[in-house]
Visitor: 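Below is a structure I'd like to ask you about.
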Number of protein chains: 2
Amino acid sequence: MTLTAEQKRQAVQKQYNASLELCPARQLLEAISSKWVTLVMLALEEGQLRHSDLRRMIPGASQKMLTSTLRSLERDGLVSRHVTVSVPVRTDYELTARGRSLLRIVFEMKDWAEQNMDGVAASRLEHDTNRYLHV
Amino acid sequence: MTLTAEQKRQAVQKQYNASLELCPARQLLEAISSKWVTLVMLALEEGQLRHSDLRRMIPGASQKMLTSTLRSLERDGLVSRHVTVSVPVRTDYELTARGRSLLRIVFEMKDWAEQNMDGVAASRLEHDTNRYLHV
DNA sequence: CTGTATCCTCTAAGATACTG
DNA sequence: CAGTATCTTAGAGGATACAG
């Protein structure tokens, strides 16, 4: 059976997407673009913090998201987790060396964003305004 | 009427999240973490390209995603769009100066990812293996 | 060729309740 | 205190068809 041009194109899409998943830069981007990752890393900049400290410092995160964010960071070796067995339990989180090296890039992104926020906002405003005029 | 501790906490969450939306660094991160943004920017590194060129160079993107990615980049002033009115129409896309400055950061992320991909992979493997042993 | 419009699916993430 | 489990929902993104 022959494939239509559209079917062939979609087969290529699937393959390309599959290989993208393996791209390390892509994986990094996906890892840090999760909503809370950067906030957790920035909070941990000064040193080690407990789960409840982080919850206070990042009040927007639900407990579930905070836990899963920390798990993901731990899995990638960006954050280390220390459990003190007592009642009640105590867990501390801390950036690893790798985590700190990534934090440097996060800061650069922050700098770029601050330097360009006005320009981007102006551009958006103009774009949206023009669109409105035509519709 | 009084609020429970949980209700208070969630009110704070909403407020915090609302203010997060306004954070320029957050907006940047959201802008570039969209699946295809970095790929389009990298494709445009060498110069101006047509819509169909981009489709060929990034075969994984559906037409819809490519268009909406380009629209978003255009709105933020990272890419400019030139339409040549003819039959059929021809549109060219090109990075703006702002787009090129952001591309520098994308490259730094790429470098970090390449330098750390092995370490991250090893960390993931260890993490997942240990988990398996305990379950 | 370069898009828009529609429908549809699947996953991220919030709400809530519970455990060691 | 720290974490898990379940339910639900909003939205991102894919498939498909059509238009200027």
Side-chain angles (χ1 to χ4, degrees), chain A residues 3-18 20-21 30-37 39-40 48-56 58-72 74 79 81-93 131 134-135, chain B residues 3-18 20-21 30-31 33-37 39-40 48-56 58-74 79 81-93 131 134-135:
Chain A
L3 298 173
T4 66
E6 186 59 16
Q7 285 172 324
K8 278 185 203 160
R9 202 181 53 70
Q10 280 171 29
V12 174
Q13 271 194 14
K14 291 230 172 78
Q15 256 216 302
Y16 184 86
N17 283 327
L20 255 192
E21 313 281 295
E30 246 140 53
I32 71 167
S33 65
S34 149
K35 197 173 176 185
W36 304 108
V37 164
L39 292 166
V40 168
Q48 135 178 321
L49 289 173
R50 303 179 58 176
H51 184 106
S52 46
D53 295 329
L54 287 168
R55 268 209 103 188
R56 248 184 303 98
I58 315 175
S62 68
Q63 188 172 42
K64 177 186 167 184
M65 283 319 296
L66 186 54
T67 298
S68 84
T69 298
L70 287 164
R71 285 290 168 285
S72 148
E74 192 196 357
V79 155
R81 177 162 169 267
H82 313 283
V83 181
T84 308
V85 184
S86 59
V87 181
V89 201
R90 171 191 181 114
T91 58
D92 291 87
Y93 293 93
R131 174 172 183 75
H134 293 314
V135 175
Chain B
L3 299 172
T4 66
E6 186 57 17
Q7 285 172 324
K8 279 186 204 160
R9 202 182 53 69
Q10 279 173 27
V12 173
Q13 271 195 15
K14 292 230 173 76
Q15 255 216 302
Y16 184 87
N17 282 327
L20 255 192
E21 313 282 296
E30 248 140 51
S33 64
S34 150
K35 197 173 176 186
W36 305 107
V37 165
L39 292 167
V40 169
Q48 136 179 322
L49 289 174
R50 301 179 60 176
H51 183 105
S52 46
D53 295 330
L54 287 168
R55 270 212 104 184
R56 248 185 303 99
I58 314 174
S62 67
Q63 188 173 43
K64 177 186 170 185
M65 283 319 297
L66 185 54
T67 298
S68 84
T69 299
L70 287 165
R71 285 291 169 282
S72 148
L73 288 170
E74 193 195 355
V79 156
R81 178 163 169 266
H82 314 283
V83 181
T84 307
V85 185
S86 59
V87 181
V89 200
R90 171 193 180 115
T91 58
D92 292 85
Y93 293 92
R131 174 171 184 76
H134 293 313
V135 174

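Proteins come first, then strands; the chains are lettered A, B, ... in the order of their sequence lines, and each starts at number 1.
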Visitor: Select from V83(B) and W36(A) the residue whose nearest nucleotide in DNA chain C is closer to the 5' end of that strand.
Guide: V83(B)
Visitor: Is there a side-chain contact between R55(B) and L66(B) (heavy atoms, below 4.5 Å)?
Guide: yes
Visitor: From the options dC1(C), dC1(D), dG14(D), select the nucleotide whose nearest atom is closest to the side chain of R50(B).
Guide: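 Within the option list, the nearest is dC1(C).
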Visitor: Whole angstroms only, please: what is the NZ-P distance between K64(B) and dA19(D)?
Guide: 19 Å
Visitor: Evaluate the ring planes of H51(B) and Y93(B), with Trp represented by its six-membered ring, and classify them as parallel (under 30°), tilted (30 to 60°) or perpendicular (over 60°).
Guide: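 Rings of H51(B) and Y93(B): tilted, as their planes differ by 30° to 60°.
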Visitor: Spell out yes or no: do the side chain of Q13(A) and the base of dG14(D) have one donor N/O and one acceptor N/O closer than 3.5 Å?
Guide: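 Between dG14(D) and Q13(A), which were checked side chain against base, a qualifying N/O pair under 3.5 Å is absent.
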Visitor: Is S52(B) near enough to dT2(C) that one of its side-chain N or O atoms lies under 4.0 angstrom from OP1 or OP2?
Guide: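 Result: yes.
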Visitor: Once rounded to the nearest 0.5 Å, what's the spacing between atom CD1 of I58(B) and atom CG of D53(B)?
Guide: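 Atom-to-atom, I58(B):CD1 and D53(B):CG are 10.5 Å apart.
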Visitor: Looking at dT4(C), dT16(D), dG14(D), which one has an atom nearest to any side-chain atom of T67(B)?
Guide: dT4(C)
Visitor: Is any side-chain nitrogen or oxygen of R71(B) closer than 4.0 Å to OP1 or OP2 of dT4(C)?
Guide: yes
Visitor: Nearest to the Q10(A) side chain among dT16(D), dG20(D), dG14(C), which nucleotide is it?
Guide: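 Among dT16(D), dG20(D), dG14(C), the one nearest the side chain of Q10(A) is dT16(D).
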Visitor: Mind checking if R81(B) touches a base, just sugar-phosphate, or nothing, with heavy atoms under 4.0 Å?
Guide: sugar-phosphate
Visitor: Measuring from the side chain of K14(A) (C-beta onward, heavy atoms only), which nucleotide among dA2(D), dG14(D), dA15(D) has the closest atom?
Guide: dA15(D)
Visitor: Choose from dG3(C), dA15(D), dG3(D) the nucleotide whose nearest atom is closest to any side-chain atom of T91(A).
Guide: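 Of the options given, the side chain of T91(A) lies nearest dG3(D).
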Visitor: To the nearest Å, how far apart are R55(B) CZ and dG14(D) C1'?
Guide: 12 Å
Visitor: With a cut-off of less than 4.0 Å, is there a side-chain N or O of S62(B) near OP1 or OP2 of dG13(D)?
Guide: no
Visitor: Between A61(B) and R90(A), name the one whose nearest nucleotide on DNA chain D is closer to the 5' end.
Guide: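 Looking at DNA chain D, the more 5' nearest nucleotide goes with R90(A).
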Visitor: Rounding to an integer number of Å, can you tell me how far I58(A) CD1 sits from dA13(C) P?
Guide: 14 Å
Visitor: How many whole angstroms separate atom CD of E30(A) from atom P of dG13(D)?
Guide: 10 Å
Visitor: What's the CE-C1' distance between M65(B) and dT9(C), to the nearest Å?
Guide: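 The answer, rounded to whole Å, is 15 Å.
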Visitor: Nearest 0.5 Å, what's the CZ-OG1 distance between R50(B) and T91(B)?
Guide: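 With rounding to 0.5 Å, CZ (R50(B)) is 7.0 Å from OG1 (T91(B)).
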Visitor: Examine dG3(C): is either OP1 or OP2 under 4.0 Å from a nitrogen or oxygen in the side chain of Y93(B)? Give yes or no.
Guide: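 Looking at the OP1 and OP2 atoms of dG3(C), one of them is under 4.0 Å from a side-chain N or O of Y93(B).
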Visitor: Around Q48(A), counting heavy atoms of other residues, nucleotides and ligands shown, do more than 12 lie under 6.0 Å from its CD?
Guide: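 Result for CD/Q48(A): enclosed.
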Visitor: Answer yes or no: is there a donor N or O on one side and an acceptor on the other, between the side chain of T67(A) and the main chain of Q63(A), under 3.5 Å?
Guide: yes
Visitor: Starting at atom NE2 of H51(B), determine the distance to atom P of dG20(D), rounded to an integer number of angstrom.
Guide: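 Checked: the NE2 to P distance equals 18 Å.
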Visitor: Considering only heavy atoms and no angle criterion, is a donor-acceptor pair shorter than 3.5 Å present between the side chain of Q63(A) and the base of dG3(D)?
Guide: yes
Visitor: When the distance from CD of Q15(B) to P of dG14(C) is rounded to whole Å, what number comes out?
Guide: 17 Å
Visitor: Nearest whole Å is fine: how far is dT4(C) P from L70(B) CG?
Guide: 11 Å
